[in-house]
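Residue numbers start at 1 and run along the sequence shown. What's counted below: heavy atoms across the whole structure, side chains too, no hydrogens, waters or symmetry copies.
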Amino acid sequence: HVKEYMEMLQEEDPTKYEAHFAKYLEAGIEPDKMEDMYTEAHEKIRKDPTGEPAEKKDISYERDGDTMKASDGTEHTRSHKITLEARREKVLAKIEAAQAK
């Protein structure tokens, strides 16, 4: 399916093709080589199915309100979980606001 999609995009919209499959193109994988790539990967898995554990990244996170700051300089927004009581109050407030209209 991916091979067909790559071929279709390559013909119809080359700029989208290059943007969408940039990593494949950097690795030199064209639509015709897709099946070979997956066949080779399956052969390697069959030879040694144990795999190698990924290296652990030494990244620590620090929460500042809803913002999580990582030691590698990235920031992510993570909402706090609200309690059942707070969630019920929030729903009640929405119901009252809807009824007041």
Got a list of side-chain donor-acceptor pairs under 3.5 Å for residues 46-53, not counting sequence neighbours?
| from | atom 1 | to | atom 2 | distance (Å) |
| --- | --- | --- | --- | --- |
| Asp48 | OD1 | Thr50 | OG1 | 2.7 |

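Shown here are the side-chain hydrogen bond (donor to acceptor under 3.5 Å, both in side chains) partners of Asp64, two or more places apart in sequence or in another chain: there are none. Taking the salt bridge (charged side-chain N to carboxylate O under 4.0 Å, His left out) definition, one finds that Glu40 meets it with Lys44, sequence neighbours left out.
Side-chain atoms of His80 come within 3.5 Å of backbone atoms of Gly65 as a donor-acceptor pair (strictly under, hydrogens ignored). At distances below 3.5 Å, not a single donor-acceptor pair connects side-chain atoms of Ser60 with backbone N or O atoms of Ser71. Of the possible donor and acceptor atoms, one in the side chain of Thr39 sits under 3.5 Å from a partner among the backbone N and O of Glu35. Looking only at distances, a side-chain donor or acceptor of Arg63 sits under 3.5 Å from a matching main-chain atom of Arg78.
The ring-ring contact (aromatic ring centres under 6.0 Å, His included) contacts involving residues 23-68 comprise Phe21-Tyr24, where partners must be two or more places apart or lie in separate chains. Among residue pairs with one or both ends in residues 6-15, those qualifying as side chain to side chain donor-acceptor pair (under 3.5 Å) are Asp13-Thr15; sequence neighbours excluded. For residues 89-101, there are no side chain to side chain donor-acceptor pair (under 3.5 Å) pairs, not counting sequence neighbours.
A heavy-atom distance below 4.5 Å is found between the side chains of Asp32 and Lys3. Side-chain contact between Glu18 and Leu25: present, with at least one pair of heavy atoms (C-beta onward) separated by less than 4.5 Å.
Here the OG1-CD distance, from Thr67 to Glu75, works out to 6.0 Å after rounding to the nearest 0.5 Å.
Met34 and Ile45 fall into different hydrophobic clusters, where Ile, Leu, Val, Met, Phe, Trp and Tyr side chains are chained together by heavy-atom contacts under 4.5 Å.
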